[in-house]
Number of protein chains: 4
Amino acid sequence: MTKGEETKQFIIERSAPIFNTKGIAATAMSDIMEATQLSKGSLYVHFENKEVLAASAIDYNMELLFTKVQTAVNQQRTAKDKLFAFVDALKDPLSPPVTGGCPMMNFGTEADDTNQLVKNKVNQAFDSGEQTIVNIIEQGIKDGSMNPDWNYREFAVMMFAMIEGGIVMSRVAGNIAKMNIITKNIKKMINEELL
Amino acid sequence: MTKGEETKQFIIERSAPIFNTKGIAATAMSDIMEATQLSKGSLYVHFENKEVLAASAIDYNMELLFTKVQTAVNQQRTAKDKLFAFVDALKDPLSPPVTGGCPMMNFGTEADDTNQLVKNKVNQAFDSGEQTIVNIIEQGIKDGSMNPDWNYREFAVMMFAMIEGGIVMSRVAGNIAKMNIITKNIKKMINEELL
Amino acid sequence: MTKGEETKQFIIERSAPIFNTKGIAATAMSDIMEATQLSKGSLYVHFENKEVLAASAIDYNMELLFTKVQTAVNQQRTAKDKLFAFVDALKDPLSPPVTGGCPMMNFGTEADDTNQLVKNKVNQAFDSGEQTIVNIIEQGIKDGSMNPDWNYREFAVMMFAMIEGGIVMSRVAGNIAKMNIITKNIKKMINEELL
Amino acid sequence: MTKGEETKQFIIERSAPIFNTKGIAATAMSDIMEATQLSKGSLYVHFENKEVLAASAIDYNMELLFTKVQTAVNQQRTAKDKLFAFVDALKDPLSPPVTGGCPMMNFGTEADDTNQLVKNKVNQAFDSGEQTIVNIIEQGIKDGSMNPDWNYREFAVMMFAMIEGGIVMSRVAGNIAKMNIITKNIKKMINEELL
DNA sequence: TATGAATGAGCCTTCATTCAT
DNA sequence: TATGAATGAAGGCTCATTCAT
């Protein structure tokens, strides 16, 4: 990695939590100057403009989240354990895997009406999160540990939507009571499809 | 209503969809000047500052949403029909009851880390949305149309979380495929508890 | 004139000589802040952006020049004296009627390749300067004091071009030797067409 | 020519038309980076700063113009043909010998109030252009083809001023109508002094 | 000689807010 | 109550220039 690439990556890593916490519009380049201790000009050496930097930070936040979830999933053997690991990785919205909460929710709600590029990024992330769930269940069905008649595609949508909704509700509440209910019930629904 | 109160209300009604669409940070007082065709000074006659105006607009958006949902619910007789009406009122996130999408999600994700006042407002709104569901089910149990052993409090949390998560996912996707799955399955879950 | 119009006019008057002296690109809004002792925001209350302000200043500079020349012309009776007054009004490029030199030359050379709007303004000014000369001569021919066979339309072009060229040459030289030669010869050419 | 000198010359050739088109103030070092495909640092290896580079580019533009005019002049034998060649070399300001128009007018109007160095360069160029005309006529008088009583020194000033003024007028007009009038009349004035 | 990362002053513009009228 | 002129801090961004490699 060249010096320039290193700096670029450094800027992304430092700005990502700021964008995820304050939002794109409320994050100023001066916030990033402070977080990186770099000059204004230097930021623009590596990023054309704030929009491009924000896009990189959004990618970074979502990839970081995915890596954390995927890592947790991969540490398990059975499909059930993998699914539970997925749920558990996101069970505490007050100590989220990524500072600032779920980047899909944060940037999705900020961008849905105004920023097609970000909207698309978030949409892909939602799809690939859902696909992760689908893949695990398909493995479980294949190895005979899960009910082959399960409408797992629809379950994946419901499960992911419930988690995402629960994250926002719990963050706003300042406690994870609702998230606990959701976590518990998702696990229950999974258990009902085990063979 | 005095002239002043009328103007104040007018400003709220015009600014509410803007805040809900662009977000608080990205909405400028000049946007509201344009939308109301009022002068800068006039806005400040009625609202101390942008924060106060935003708070009023947020309240308005959430009340409008509740009114619309409640109106749909009230048009039904049975608990089941009321619950279905609740779900149906929110089933199309691309043509939402309130311009800009769900205000709880929009302001909740923008404010969760940075604005305690808004955070509290949204939290209360989530609670009272959930309570609406709870009330309907309690009526259904009381009149004997719904399963008295149903853990309906937990169901209310799940149902509301699923809807909220589904709204964001569908808005970001630009289509309501996921929302349709969610709507269908929520109704299925309700049907399973009917007597 | 309202307060706003007064301020707007004041800004134009103060900025006009700066634009004419330094050029559009080299004039900063901060230069105009200093010259007007107004705040940055105040400047933008009256002018959408720098381009619009520059356009107003250019108009002002050219109108000021025309007024001065026209006033000098109008003080004379005969066509010959009017023509001489025109020439004399522009005979000293080091003490020009408008601070910074001829606005048509200044903005014309700055804008010819890059700014269609300004280019058009300047072109019209050149045409109307030429027309002034034409009008005077037509009066002279009509009243019998000037040669009716004179190709005065072509003379107007030559005379104006010579003056404009001479202005730049003399300003760059720092002395009006060349301009004196031009002034003298233009008058000689005029004298040759008197009856 | 060493590698360094070659690069230096290359930078001048590429930047000259940019400076002549946009002006000194409006030309950024980044414009020159793009035009040369050289790095920022490389530009500063060869030129102390933008001012020095601009000065070199100005020299280059004026020398290029002189070379083109002189070449045209030298292809003719008689004084009259030489003079006509001079005029014809500049007769189309929309397809000028040097991209961006007459460098003396461009840099003269930009620099007359603000940049003594450039002002002097332009003044010398005006003088030497005038001197070229003078030299041709003196040859014509010496060889008996031109009127020895001609006040040719004054004619040279007028002729050059007319051409320069005409260039700006025509560039701003977007057509060469006025320049055609000027060209025609200069030739007529020359013809009147032939023996 | 050539690179490109880094700088910080300065650019144009927008912002929320104040206040005399 | 309503206006709109005035403010100045802050916004995103560009600039000429430096310097280690």
Side-chain angles (χ1 to χ4, degrees), chain A residues 2-8 11 25-33 36-51 53-54, chain B residues 2-8 25-33 36-54, chain C residues 2-8 11 25-33 36-51 53-54, chain D residues 2-8 25-33 36-54:
Chain A
T2 67
K3 181 96 187 297
E5 282 165 343
E6 244 172 57
T7 305
K8 189 170 181 173
I11 294 170
T27 297
M29 292 305 277
S30 58
D31 293 331
I32 295 158
M33 284 171 68
T36 56
Q37 294 286 55
L38 285 167
S39 67
K40 196 156 276 200
S42 196
L43 260 28
Y44 280 91
V45 166
H46 299 285
F47 298 93
E48 232 178 302
N49 53 43
K50 180 181 154 177
E51 203 183 343
L53 171 50
Chain B
T2 67
K3 181 88 189 300
E5 282 165 342
E6 246 174 54
T7 306
K8 188 171 180 172
T27 297
M29 292 303 278
S30 60
D31 292 331
I32 294 157
M33 285 173 65
T36 57
Q37 294 285 51
L38 286 168
S39 67
K40 201 144 268 202
S42 192
L43 260 30
Y44 279 90
V45 165
H46 299 285
F47 299 93
E48 220 180 313
N49 54 42
K50 179 180 156 178
E51 204 183 343
V52 170
L53 171 50
Chain C
T2 68
K3 180 95 187 294
E5 282 165 343
E6 244 172 55
T7 305
K8 189 171 181 171
I11 294 170
T27 297
M29 292 304 277
S30 60
D31 292 331
I32 294 159
M33 283 171 68
T36 56
Q37 293 287 56
L38 285 167
S39 67
K40 197 153 272 199
S42 197
L43 260 27
Y44 279 90
V45 165
H46 300 285
F47 298 93
E48 232 178 301
N49 53 43
K50 180 180 154 179
E51 203 183 343
L53 170 50
Chain D
T2 67
K3 182 90 189 300
E5 281 165 343
E6 246 174 52
T7 306
K8 188 170 179 173
T27 297
M29 293 302 278
S30 60
D31 292 331
I32 294 157
M33 283 173 65
T36 57
Q37 295 286 50
L38 285 168
S39 68
K40 198 143 269 200
S42 192
L43 259 32
Y44 279 90
V45 165
H46 298 285
F47 298 93
E48 218 179 315
N49 53 42
K50 179 179 155 178
E51 205 184 342
V52 171
L53 170 51

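Letters A, B, ... mirror the listed sequences (proteins, then strands); counts begin at 1.
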Gap between atom [atom2] of [Y] and atom [atom1] of [X] - 0.5 Å precision:
| X | Y | atom1 | atom2 | answer |
| --- | --- | --- | --- | --- |
| C/Thr36 | C/His46 | OG1 | NE2 | 9.5 Å |
| D/Leu43 | D/Leu53 | CG | CG | 6.5 Å |
| C/Thr7 | C/Leu38 | OG1 | CG | 7.0 Å |
| A/Met29 | A/Asn49 | CE | CG | 8.0 Å |
| D/Glu6 | D/Lys3 | CD | NZ | 8.0 Å |
| A/Met33 | A/Lys40 | CE | NZ | 5.5 Å |

Atom pair distance, as rounded to whole Å: [atom1] in [X] and [atom2] in [N]:
| X | N | atom1 | atom2 | result |
| --- | --- | --- | --- | --- |
| D/Lys50 | F/dT18 | NZ | C1' | 17 Å |
| B/Asn49 | E/dA16 | CG | P | 11 Å |
| D/Met29 | F/dT18 | CE | C1' | 12 Å |
| A/Glu48 | F/dT14 | CD | C1' | 13 Å |
| A/Leu53 | F/dG11 | CG | C1' | 15 Å |
| D/Phe47 | F/dT17 | CZ | P | 13 Å |
| A/Tyr44 | E/dG8 | OH | P | 17 Å |
| A/Asp31 | F/dA10 | CG | P | 12 Å |

Might you point out which heavy atoms bring A/Lys8 and A/Phe47 nearest each other, and give the distance in Å?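 So the two residues come closest at CG-CZ, 3.4 Å.
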Is there a Watson-Crick or G-U wobble partner for E/dT17 with both distances under 3.5 Å, and which nucleotide is it?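 In the structure as shown, E/dT17 has F/dA6 as its Watson-Crick or wobble partner.
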Does E/dG10 have OP1 or OP2 under 4.0 Å away from a side-chain N or O of C/Ser30?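 No, no such contact exists.
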Please tabulate, one pair per line, each protein N/O and nucleotide N/O from nucleotides 4-8 of chain F that are separated by under 3.5 Å, including the distance.
from	atom 1	to	atom 2	distance (Å)
F/dG4	N7	B/Gly41	N	3.3
F/dG4	O6	B/Gly41	N	3.3
F/dA6	OP1	C/Thr7	OG1	3.0
F/dA6	OP2	C/Thr7	OG1	3.4
F/dA6	OP2	C/His46	NE2	2.5
F/dT7	OP2	C/Ser39	N	3.2
F/dT7	OP2	C/Ser39	OG	3.3

Residue C/Ala28, side-chain heavy atoms: nucleotide from E/dC12, F/dA16, F/dG12 that is nearest: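 Nearest to the side chain of C/Ala28 among the choices is E/dC12.
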Upstream residue (5' side of DNA chain F) when D/Glu51 and A/Glu51 are each assigned their closest nucleotide: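 Between the two, 5'-proximity favours A/Glu51.
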Categorize D/Thr36 for me: base, sugar-phosphate, or nothing, with a 4.0 angstrom heavy-atom threshold over every strand shown.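 No contact.
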